[in-house]
> 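Right, I'll just put the structure down here and ask away after.
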Amino acid sequence: MLFPSLMLACTAGGVVSVLIAGWLSNTLFANHARRMVAFAVGVLLGFAFTDLLPEALNQGINLTNAGWMLVAGMLLFFILEKLALWRHFHHANAATVATHPAEHQSGGQVAIILLGDGIHNFVDGILLAASFLTDIKLGWVTAFAIVAHEIPQEISDFMVLINAGLSKSRALLLNMLSGSAMIVGGLVGWLSFTHIAPLIPYALLLAAASFIYIALADLVPTLQTQYRPQDLLVQCLLIACGLGVAWISPFIQQQIITLWGTA
């Protein structure tokens with residue numbers, strides 16, 4: 001029963017959380033997609049600096065190496081986005097690219113956010129496998145904690161994809177594919193956790209680098225095209241809300257662990 005439980009937990013963390021996030025994005029936030037870009041900035045930066053980076057440091061990598069890994073990761077994503085831009089330029093009329101530059105920038109943006117989220121989900125799957133291999137109760141506690149922090153992050157990813165010009169159905173499908181990396185991570189962790197464990201901190205830092213790059217290189221410039229004073233106020237409030245979600249997420253996870261631990 002241990003392996004089926006692990007796969008069920010990975011499915012809940014990687015796919016069900018995406019469906020819940022997609023439903024919320026299409027209902028509560030459906031009419032505020034443009035403004036929710038600021039919320040996505042807060043969530044991405046918050047999780048990168050207060051969740052992924054500390055977790056990588058807790059896994060044993062030192063601060064200097066972590067800093068260099070973040071820089072290398074952001075440089076890698078800059079190159080990937082540049083390659084995507086070149087590909088779009090060579091497959092499109094130059095005049096069209098000049099007239100609609102945002103349309104030809106979205107390919108790299110979509111690829112980076114999906115790659116970063118996929119890496120993060122893959123690592124979560126490995127950590128879930130480690131939890132279930134330790135104790136099935138710990139595995140389910142970890143699964144619920146992962147779902148609790150995945151939902152707001154997936155909402156932000158959904159908003160990034162919508163902002164990049166994708167349809168809601170395509171954004172949901174791509175997010176589900178990215179989320180399914182948790183199932184793959186769970187399987188890999190189940191089969192060879194001891195071999196892959198040393199790579200976890202580097203994967204976490206690579207995911208953090210993708211979140212930071214997308215937030216600062218792609219989303220913040222979008223916010224800077226809104227010039228009204230009230231836009232600044234709303235953006236600051238939404239960024240603060242996103243940071244707040246990242247800040248409160250560990251407390252929610254800890255409460256879940258505590259409640260289940262005493263049950």
Side-chain angles (χ1 to χ4, degrees), residues 12-58 70 109 112-114 116-121 123-124 127 141-164 168 171-172 175-176 178-179 182 204-205 207-220 222-223 231-259:
V15 178
V16 175
S17 61
V18 171
L19 292 174
I20 295 173
W23 176 75
L24 290 171
S25 299
N26 285 319
T27 53
L28 292 179
F29 309 124
N31 298 321
H32 307 284
R34 188 164 174 263
R35 286 185 171 180
M36 290 299 289
V37 171
F39 174 79
V41 170
V43 171
L44 292 174
L45 291 179
F47 275 107
F49 285 111
T50 68
D51 182 26
L52 298 178
L53 178 57
E55 181 61 29
L57 295 175
N58 289 336
L70 282 177
Q109 186 176 332
I112 292 170
I113 194 66
L114 291 175
D117 194 37
I119 293 171
H120 185 200
N121 286 322
V123 173
D124 279 345
L127 297 176
V141 170
T142 305
F144 278 101
I146 286 175
V147 170
H149 88 259
E150 276 294 321
I151 292 174
Q153 184 192 309
E154 294 296 346
I155 290 173
S156 72
D157 291 347
F158 194 89
M159 293 303 171
V160 172
L161 296 178
I162 294 297
N163 184 67
K168 292 178 180 179
L172 180 62
N175 255 352
M176 288 183 64
S178 175
M182 195 177 297
L204 289 169
L205 289 170
S210 75
F211 288 2
I212 296 167
Y213 182 84
I214 283 292
L216 298 182
D218 291 320
L219 300 187
V220 169
T222 299
L223 300 181
D231 290 330
L232 175 61
L233 177 61
V234 171
Q235 289 168 1
C236 288
L237 287 173
L238 287 172
I239 290 173
C241 288
L243 292 171
V245 167
W247 176 74
I248 201 173
S249 179
F251 296 101
I252 295 175
Q253 293 181 53
Q254 188 58 49
Q255 286 301 312
I256 292 171
I257 291 171
T258 301
L259 289 172

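For this chain, numbers begin at 1 and follow the sequence in order.
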> Rounded to the nearest 0.5 Å, what separates atom CG in Asn121 from atom OG in Ser17?
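Rounded to the nearest 0.5 Å, the CG-OG separation comes out at 7.0 Å.
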> Check whether any side-chain heavy atom of Leu238 lies under 4.5 Å from a side-chain heavy atom of Val41, and answer yes or no.
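No. Closest side-chain heavy atoms not under 4.5 Å.
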> To check you understand the geometry: which heavy-atom pair defines the closest contact between Ser210 and Gly116, and what is its length?
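Of all heavy-atom pairs spanning Ser210 and Gly116, the closest is OG-CA, 3.0 Å.
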> Using the side chain to side chain donor-acceptor pair (under 3.5 Å) criterion, which residues pair with Gln153? Sequence neighbours excluded.
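Here the qualifying residues are Asp117, His120.
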> Specify the closest pair of heavy atoms between Ala171 and Phe158, including all atoms of both residues, with the distance to one decimal.
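Heavy atoms only, the tightest pair is CB-CE1, 3.9 Å.
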> A side-chain contact here means heavy atoms from C-beta on lying under 4.5 Å apart; do Val16 and Val147 qualify?
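The answer is no, as the side chains (C-beta and beyond) never meet within the 4.5 Å cut-off.
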> Taking side chain to side chain contact (heavy atoms under 4.5 Å, CB included) as the definition, give me every residue that meets it alongside Val37, ordered by chain and number, with sequence neighbours left out.
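Applying side chain to side chain contact (heavy atoms under 4.5 Å, CB included) to Val37 gives Asn163, Leu219, Leu223.
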> Determine, step by step, whether Leu52 and Leu205 satisfy the side chain to side chain contact (heavy atoms under 4.5 Å, CB included) criterion, reporting the C-alpha distance in whole Å, the side-chain angles of both residues, the deciding distance to 0.1 Å, and the verdict.
CA-CA 7 Å; Leu52 298 178; Leu205 289 170; over 6 Å; no
> Would you check if Ile151 and Leu24 make a side-chain contact, meaning some heavy-atom pair closer than 4.5 Å?
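They are in side-chain contact.
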> Take atom CD1 of Ile248 as the centre, draw a 6.0 Å sphere, and report whether it contains more than 12 heavy atoms from other residues, nucleotides or ligands.
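Count not over threshold, so no.
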> Do you know the tightest heavy-atom contact between Phe211 and Leu44?
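Reported closest heavy-atom pair: CB-O, 3.7 Å.
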> Which value, rounded to the nearest 0.5 Å, describes the distance between Asp157 atom CG and Asn175 atom CG?
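Here the interatomic distance stands at 5.5 Å.
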> If you look at every heavy atom in Val160 and Ala40, which pair is closest and at what distance?
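Between these two residues, the closest heavy atoms are CG2-CB, 4.1 Å.
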> Taking only residues two or more places apart in sequence, or in another chain, which ones meet Ser249 in a side chain to side chain donor-acceptor pair (under 3.5 Å)?
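With neighbours one apart ignored, the set is Gln253.
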> Look up atom CE in Met176 and atom CG in Leu19, then write down how far apart they are to the nearest 0.5 Å.
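With rounding to 0.5 Å, CE (Met176) is 4.5 Å from CG (Leu19).
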> Ignoring hydrogens, what is the shortest heavy-atom contact between Val43 and Pro152? Give both atom names and the distance.
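Minimum heavy-atom contact is CG1-O, 4.0 Å.
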> Please lay out, stage by stage, how Ile146 and Met182 fare under the test side chain to side chain contact (heavy atoms under 4.5 Å, CB included).
CA-CA 11 Å; Ile146 286 175; Met182 195 177 297; 3.8 Å; yes
> Quick check for you: to the nearest 0.5 Å, what is the distance between Phe47 atom CZ and Glu150 atom CD?
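These two atoms lie 8.0 Å from each other.
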> Give, for atom CG of Leu114 and atom OG of Ser178, the distance between the pair rounded to the nearest 0.5 Å.
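Rounded to the nearest 0.5 Å, the CG-OG separation comes out at 5.5 Å.
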> List the atom of Leu70, the atom of Ala208, and the distance in Å for their closest heavy-atom pair.
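Of all heavy-atom pairs spanning Leu70 and Ala208, the closest is CD2-CB, 3.9 Å.
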> Hey, could you give me the CD1/CG distance between Ile113 and Asp218, rounded to the nearest 0.5 Å?
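Here the rounded value is 9.0 Å.
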